[in-house]
Colleague: 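Have a look at the structure that comes next, please.
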Amino acid sequence: MALTKEETASIVSKFGANEADTGNTKVQVALMTERIKQLTAHVKQFPKDTGAKRGLLKVVGARRSLLKYLQRKDLELYRQLIKELGLRK
């Protein structure tokens, strides 16, 4: 259920400066967004899985914190990222 190495590598190469740039805020938000999509599909299929629901809420909260940080530090980059990821903010 976790992201595969290939999915992670493609996201890092798309949003990072290089292949090893996994700590970049853009990369972290993109990885969390992909994880949220997977968890959302899982929770829809298995509505009684409360552990997955809790995990989903934790990832959403972490992504929200990173987006708030990015908005404070670089507003233009924040706007570009949410547009690329299709987030509605």
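All residue numbers refer to positions in the sequence shown, counting from 1.
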Colleague: Would you compute the distance between atom CG of Leu56 and atom CD1 of Ile36 and round it to the nearest 0.5 angstrom?
Modeller: 6.5 Å
Colleague: Nearest 0.5 Å, please: how far is CD1 in Ile11 from CD in Glu6?
Modeller: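 Output value for this atom pair is 12.0 Å.
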Colleague: If the condition is side-chain hydrogen bond (donor to acceptor under 3.5 Å, both in side chains), which residues does Asp74 pass it with, not counting sequence neighbours?
Modeller: none
Colleague: Could I get the full list of side-chain hydrogen bond (donor to acceptor under 3.5 Å, both in side chains) partners for Thr33, not counting sequence neighbours?
Modeller: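 For Thr33 the side-chain hydrogen bond (donor to acceptor under 3.5 Å, both in side chains) partners, ignoring immediate neighbours, are Arg63.
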Colleague: Heavy atoms, side chains only, cut-off 4.5 Å: are Leu85 and Leu81 in contact?
Modeller: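 Contact flag for Leu85/Leu81 side chains = yes.
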Colleague: By ring pair (Phe, Tyr, Trp, His ring centres under 6.0 Å), which residues pair with Tyr69, not counting sequence neighbours?
Modeller: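 With sequence neighbours excluded, Tyr69 shows a ring pair (Phe, Tyr, Trp, His ring centres under 6.0 Å) to no residue whatsoever.
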Colleague: Roughly how far, to the nearest 0.5 Å, is the CZ atom of Arg79 from the NZ atom of Lys83?
Modeller: 11.0 Å
Colleague: Using a 3.5 Å distance criterion without hydrogens, assess whether the side chain of Glu34 forms a donor-acceptor pair with backbone atoms of Leu31.
Modeller: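 It does not hold such a pair.
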Colleague: Say you draw a straight line from OG1 of Thr25 to CG of Leu67; how long is it, rounded to the nearest 0.5 Å?
Modeller: 9.5 Å
Colleague: Name all residues meeting the side-chain contact (heavy atoms from CB on, under 4.5 Å) criterion together with Leu57; count only those two or more places apart in sequence or in a different chain, and write none if there are none.
Modeller: none
Colleague: Any side-chain hydrogen bond (donor to acceptor under 3.5 Å, both in side chains) pairs touching residues 13-23, not counting sequence neighbours?
Modeller: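 Matches after skipping sequence neighbours: Asp21-Asn24.
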Colleague: Return the set of residues passing side-chain contact (heavy atoms from CB on, under 4.5 Å) with Thr50 (not counting sequence neighbours), or none when no residue passes.
Modeller: none
Colleague: Going from CG on Asp49 to NE2 on His42, what distance comes out if it is rounded to the nearest 0.5 angstrom?
Modeller: 4.0 Å
Colleague: Hey, what do you get for CG (Leu3) to OG1 (Thr8), rounding to the nearest 0.5 Å?
Modeller: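 One gets 4.5 Å once the value is rounded to the nearest 0.5 Å.
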Colleague: Start with the C-alpha distance between Glu7 and Gln38, add both sets of side-chain angles, then the distance that settles side-chain contact (heavy atoms from CB on, under 4.5 Å), and finish with yes or no.
Modeller: CA-CA 12 Å; Glu7 291 171 335; Gln38 288 183 351; 3.6 Å; yes
Colleague: Got a sec, which residues hit side-chain contact (heavy atoms from CB on, under 4.5 Å) with Ser10, two or more places apart in sequence or on another chain?
Modeller: none
Colleague: Could you tell me whether a side-chain N or O of Lys26 sits under 3.5 Å from a main-chain N or O of Tyr78, the two making a donor and an acceptor?
Modeller: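 The answer is no, because no donor-acceptor pair under 3.5 Å joins these two groups.
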Colleague: Tell me, please, which residues at least two apart from Gln80 pass side-chain hydrogen bond (donor to acceptor under 3.5 Å, both in side chains).
Modeller: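 Partners of Gln80 under the side-chain hydrogen bond (donor to acceptor under 3.5 Å, both in side chains) test: Glu84.
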Colleague: Hey, quick one: are Phe46 and Leu39 part of the same hydrophobic cluster, counting side-chain heavy atoms closer than 4.5 Å, chains of contacts allowed?
Modeller: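 No: no chain of side-chain contacts under 4.5 Å links Phe46 to Leu39.
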Colleague: For the pair Gln28 (side chain) and Gly23 (backbone), establish whether a donor and an acceptor sit closer than 3.5 Å, ignoring hydrogens and angles.
Modeller: yes
